[in-house]
Number of protein chains: 4
Amino acid sequence: MRLKEGHKEKDIIEAAIKVFAEFGYHNAKISTIAKKANVATGSVYVYYKNKEDILFNIFDTLWQDLFEKLRIVSDNSALLPDEKVELMVDMVFEVFSGNPSLAVVFVNEQNNIIRLGEYRFNDYYEKFLDFAEAVLKEGIAKGVFRKEIDLNVFRSFIFGAIRYLLHVWAEDPKKIGIKKISSTVKNLLLHGIM
Amino acid sequence: MRLKEGHKEKDIIEAAIKVFAEFGYHNAKISTIAKKANVATGSVYVYYKNKEDILFNIFDTLWQDLFEKLRIVSDNSALLPDEKVELMVDMVFEVFSGNPSLAVVFVNEQNNIIRLGEYRFNDYYEKFLDFAEAVLKEGIAKGVFRKEIDLNVFRSFIFGAIRYLLHVWAEDPKKIGIKKISSTVKNLLLHGIM
Amino acid sequence: MRLKEGHKEKDIIEAAIKVFAEFGYHNAKISTIAKKANVATGSVYVYYKNKEDILFNIFDTLWQDLFEKLRIVSDNSALLPDEKVELMVDMVFEVFSGNPSLAVVFVNEQNNIIRLGEYRFNDYYEKFLDFAEAVLKEGIAKGVFRKEIDLNVFRSFIFGAIRYLLHVWAEDPKKIGIKKISSTVKNLLLHGIM
Amino acid sequence: MRLKEGHKEKDIIEAAIKVFAEFGYHNAKISTIAKKANVATGSVYVYYKNKEDILFNIFDTLWQDLFEKLRIVSDNSALLPDEKVELMVDMVFEVFSGNPSLAVVFVNEQNNIIRLGEYRFNDYYEKFLDFAEAVLKEGIAKGVFRKEIDLNVFRSFIFGAIRYLLHVWAEDPKKIGIKKISSTVKNLLLHGIM
DNA sequence: CATGAATGAGTTTTCATTCAT
DNA sequence: CATGAATGAAAACTCATTCAT
């Protein structure tokens with residue numbers, strides 16, 4: 001029999017990330033993805049149920065990766081709250097640092113993902129924000145963070161700031177170094193501009 | 001007799017904002033917009049060249065509104081840098097506070113706008129960020145703001161944070177009050193969490 | 001405005017009957033139907049939701065026509081049972097006599113219609129067979145028809161015989177005259193071959 | 001070691017009959033047939049040239065079976081014409097009685113078979129109807145059957161009636177017993193309803 | 001200006017068939 | 001012979017845009 005070559009599935013995802021990043025989900029054609037993956041159009045449907053299934057797969061993998069790394073930081077009881085915040089910010093930038101296209105897709109297609117009606121992604125996202133919230137709470141409890149900060153607003157504040165910076169960086173990775181970005185973010189987050 | 005009612009153009013834009021917010025630009029049908037505006041499909045094309053022209057119009061109006069208000073704050077030499085920052089944040093939330101759908105469109109369709117190849121919007125956006133940067137520079141010069149902050153990162157940091165909070169608020173305006181959001185943002189921005 | 005020309009809807013149905021008859025439902029292309037109706041492909045979708053909707057429409061119209069005519073015979077209390085049977089047979093052949101293609105579609109696509117999951121057509125069909133059954137019952141009650149005949153089998157027997165003859169005739173209307181067919185059917189039905 | 005099991009060819013045909021019966025020829029997938037036959041998709045093409053070849057095989061086997069049995073009845077000079085008719089009807093129902101799916105395929109896919117352009121099936125069918133005609137002729141010659149009956153119409157009449165009853169029975173074999181059906185058919189055929 | 005019927009280009013998806021192993 | 005991964009041709013359907021009235 002014709003053996004599965006074993007890399008088509010991955011090739012397709014990688015091609016899809018690039019094509020989604022370049023054209024956006026709605027303007028991305030399956031045929032373009034297939035071509036970029038050196039695969040026939042029909043082969044895409046051997047591995048993925050349909051177009052949205054490809055997008056879901058990208059996000060699934062990504063979130064799982066994020067959680068895994070986040071948990072390691074979160075569970076480390078030797079760290080102070082502010083150190084945790086710093087490490088978390090670093091971690092997020094690290095995940096994307098080797099793959100700007102993935103960052104673009106992550107930022108741009110969030111809405112599509114939700115509009116496509118797959119609610120599991122809301123859960124991922126909530127869970128992620130809960131991590132951020134937990135660290136803040138811990139910091140407040142230990143008297144390291146200011147208690148006037150609304151937790152709900154905080155978590156979206158930091159998520160939005162990072163998400164957008166990720167996008168800015170991904171659009172032109174050479175313009176601002178990712179190190180510079182993450183250190184400025186950490187600084188602003190902890191101390192503000194004053 | 002045919003009444004020249006004279007508000008079709010505006011009706012269409014308002015309908016479009018709602019429809020774009022609900023379905024996203026790509027899934028929004030011209031016929032749906034027309035129906036919501038109580039206008040025939042063909043009439044949409046009397047006032048707008050095509051679908052993207054409607055989106056461009058929404059953003060044009062919006063940016064002009066933002067600039068006008070921003071300039072007033074920026075030009076007020078009686079204000080301290082930190083007061084300026086606070087007022088600017090207030091101002092942005094104010095612009096959208098009466099129109100959640102507009103906020104959703106503003107946040108979600110930014111990418112489409114740019115992908116559609118209309119570069120004037122890059123200019124709008126740059127100009128807007130320049131304002132933010134100018135205020136920061138002024139603050140640094142006056143010794144009010146910390147000079148370690150990278151201006152380029154700062155402006156995207158604040159833009160991203162606000163943009164996302166706008167979205168969170170717009171999706172469910174009753175969940176978190178816009179006042180609470182803007183005060184927390186100002187607080188975080190100036191002083192950080194520590 | 002561009003006025004509805006008023007005959008496109010009918011043109012499409014008529015073209016569809018011909019194309020379905022020639023190629024069968026599954027091999028019939030919307031584009032072929034459109035071409036035959038002198039209409040753009042997209043116009044088909046202005047009038048009909050999708051391909052199966054066209055088929056449903058054909059059958060709806062047909063069954064309604066059949067019922068109307070059947071009822072007139074059925075309700076005529078001046079007729080003897082055997083006269084009713086004769087008239088009903090005549091009537092069915094009459095309905096199709098001007099439109100062989102319609103007969104072909106009626107006979108060949110019955111299964112598709114049911115497989116497509118529109119159960120209203122089962123009702124039509126049951127109702128139709130009930131008419132046949134009622135006439136037989138009446139005949140038995142009056143002692144004109146033999147009471148050994150199983151009603152359930154009878155109604156399918158006659159339906160199948162007529163349906164198939166319709167098909168034979170429609171495939172080549174000149175081969176056997178429809179008059180000859182219907183008179184033989186009536187004869188066989190009432191008296192058998194002995 | 002690979003076992004040459006030797007019944008794959010038959011397994012495939014049997015699976016195909018079931019799948020064609022359930023979904024219809026056009027909606028039946030080769031992969032579904034293969035799965036039901038416990039065989040790989042590609043193996044289907046080892047034994048059959050293509051999809052239509054499977055259908056042709058089913059009909060070939062079936063018709064040969066029908067002819068063989070028909071000839072035995074037809075050639076039996078000890079039988080009276082009406083006895084022959086009765087035996088022929090019995091025989092047809094017998095052929096299908098153990099395999100409702102085969103009956104469904106036989107009835108439903110007749111048209112596809114002809115549309116697929118294999119004309120040998122027209123011959124089969126003509127030959128079959130000729131048998132029926134011959135018996136009728138013999139009966140007329142012997143003065144047992146009425147000579148007013150048009151032979152051409154007769155043979156389609158009986159074919160259509162039986163074909164349809166076969167379908168009705170096959171769709172729900174428990175609803176009406178096949179014995180009841182065949183006895184009613186014989187009765188109606190010979191004596192009519194009066 | 002206003003209308004909404006008509007258009008047809010463009011894309012996803014399916015699945016019979018092939019073929020490398 | 002047997003396999004099932006890979007292929008790509010084919011068709012339904014959508015909807016922005018046009019245009020006759």
Side-chain angles (χ1 to χ4, degrees), chain A residues 1-6 8-9 12 26-35 38-54, chain B residues 2-6 8-9 26-35 38-54, chain C residues 1-6 8-9 12 26-35 38-54, chain D residues 2-6 8-9 26-35 38-54:
Chain A
M1 82 174 172
R2 199 156 163 184
L3 286 171
K4 197 182 265 194
E5 296 174 37
K8 282 196 163 59
E9 187 168 356
I12 292 166
H26 280 104
N27 297 315
K29 297 185 224 165
I30 294 291
S31 59
T32 310
I33 294 171
K35 199 166 288 166
N38 283 316
V39 145
T41 302
S43 300
V44 174
Y45 290 86
V46 171
Y47 295 96
Y48 302 95
K49 200 171 149 265
N50 51 32
K51 194 177 168 181
E52 65 178 47
D53 190 37
I54 304 176
Chain B
R2 187 194 297 126
L3 275 172
K4 169 77 178 78
E5 303 175 39
K8 280 194 166 53
E9 187 168 355
H26 280 103
N27 299 314
K29 301 183 210 168
I30 295 291
S31 59
T32 308
I33 294 171
K35 199 167 289 166
N38 284 317
V39 147
T41 301
S43 300
V44 172
Y45 288 84
V46 172
Y47 296 97
Y48 301 95
K49 197 172 149 258
N50 51 30
K51 194 177 170 181
E52 62 179 50
D53 191 37
I54 302 175
Chain C
M1 83 170 174
R2 198 157 164 187
L3 284 171
K4 198 182 266 199
E5 296 174 38
K8 282 196 164 57
E9 187 169 356
I12 292 166
H26 280 104
N27 299 314
K29 299 183 223 167
I30 295 290
S31 60
T32 310
I33 294 171
K35 200 166 288 168
N38 284 316
V39 145
T41 302
S43 299
V44 173
Y45 291 87
V46 172
Y47 294 97
Y48 302 95
K49 195 170 152 267
N50 50 31
K51 195 176 168 182
E52 65 177 51
D53 190 38
I54 303 177
Chain D
R2 189 193 295 128
L3 276 171
K4 169 75 180 79
E5 304 175 37
K8 281 193 165 56
E9 186 168 355
H26 279 104
N27 298 315
K29 300 183 210 170
I30 295 290
S31 59
T32 309
I33 294 171
K35 198 167 288 168
N38 284 315
V39 146
T41 303
S43 300
V44 173
Y45 288 84
V46 171
Y47 295 96
Y48 301 94
K49 199 173 147 256
N50 51 30
K51 193 177 171 182
E52 64 178 49
D53 191 36
I54 303 175

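Every heavy atom of this structure was used, including side-chain atoms; hydrogens, water molecules and symmetry mates were not. Note that this is a predicted model, so its numbers are computed, not measured.
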Take C/Glu52 and B/Asn50, find for each the nucleotide of DNA chain F with the closest heavy atom, and name the residue whose nucleotide sits nearer the 5' end.
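The answer here is C/Glu52.
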Start at the 5' end of DNA chain F and walk down; is the nucleotide closest to C/His26 or to C/Val46 reached first?
C/His26
With sequence neighbours left out, write down each residue that passes side-chain contact (heavy atoms from CB on, under 4.5 Å) with [X], or none if nothing qualifies.
| X | value |
| --- | --- |
| C/Glu52 | C/Tyr25, C/Asn50, C/Phe56, C/Leu116 |
| C/Lys29 | C/Ser31, C/Thr32 |
| D/Ala40 | D/Ser43 |
| C/Asn38 | none |

What does A/Ala34 touch in the nucleic acid at a heavy-atom separation under 4.0 angstrom: a base, only the sugar-phosphate, or nothing?
nothing
Between [N] ([atom2]) and [X] ([atom1]): distance, integer Å:
| X | N | atom1 | atom2 | answer |
| --- | --- | --- | --- | --- |
| A/Lys51 | E/dT14 | NZ | C1' | 17 Å |
| C/Tyr47 | E/dA6 | OH | C1' | 8 Å |
| D/Tyr48 | F/dC1 | OH | P | 13 Å |
| A/Lys49 | E/dT14 | NZ | P | 8 Å |
| C/Asn27 | F/dA12 | CG | P | 10 Å |
| C/Ile30 | E/dG8 | CD1 | P | 16 Å |
| C/Tyr45 | F/dT14 | OH | P | 7 Å |

Starting at the 5' end of DNA chain E, which residue's closest nucleotide do you reach first, B/Asn38 or A/Lys29?
B/Asn38
Between A/Gly42 and B/Val39, which has a closest nucleotide on DNA chain E that is more 5'?
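Taking each residue's closest nucleotide, the earlier one in sequence belongs to B/Val39.
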Look at the side-chain N and O atoms of C/Lys8 and state whether any lies under 4.0 Å from the OP1 or OP2 oxygen of E/dA5.
no
Taking OP1 and OP2 of E/dT7, is either one under 4.0 Å from a side-chain nitrogen or oxygen of C/Ser43?
yes
For A/His26, which residues count as a side chain to side chain donor-acceptor pair (under 3.5 Å) partner, sequence neighbours excluded?
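None.
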To check you understand the geometry: which heavy-atom pair defines the closest contact between A/Ile12 and A/Val39, and what is its length?
CD1-CG1, 4.4 Å
Roughly how far, to the nearest 0.5 Å, is the OH atom of D/Tyr48 from the CD1 atom of D/Ile30?
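One gets 11.0 Å once the value is rounded to the nearest 0.5 Å.
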Let me check I have this right: for DNA chain E, each base becomes ., (, ), [, ] or |, based on Watson-Crick or G-U pairs with both distances under 3.5 Å. What is the full string?
.||||||||||||||||||||
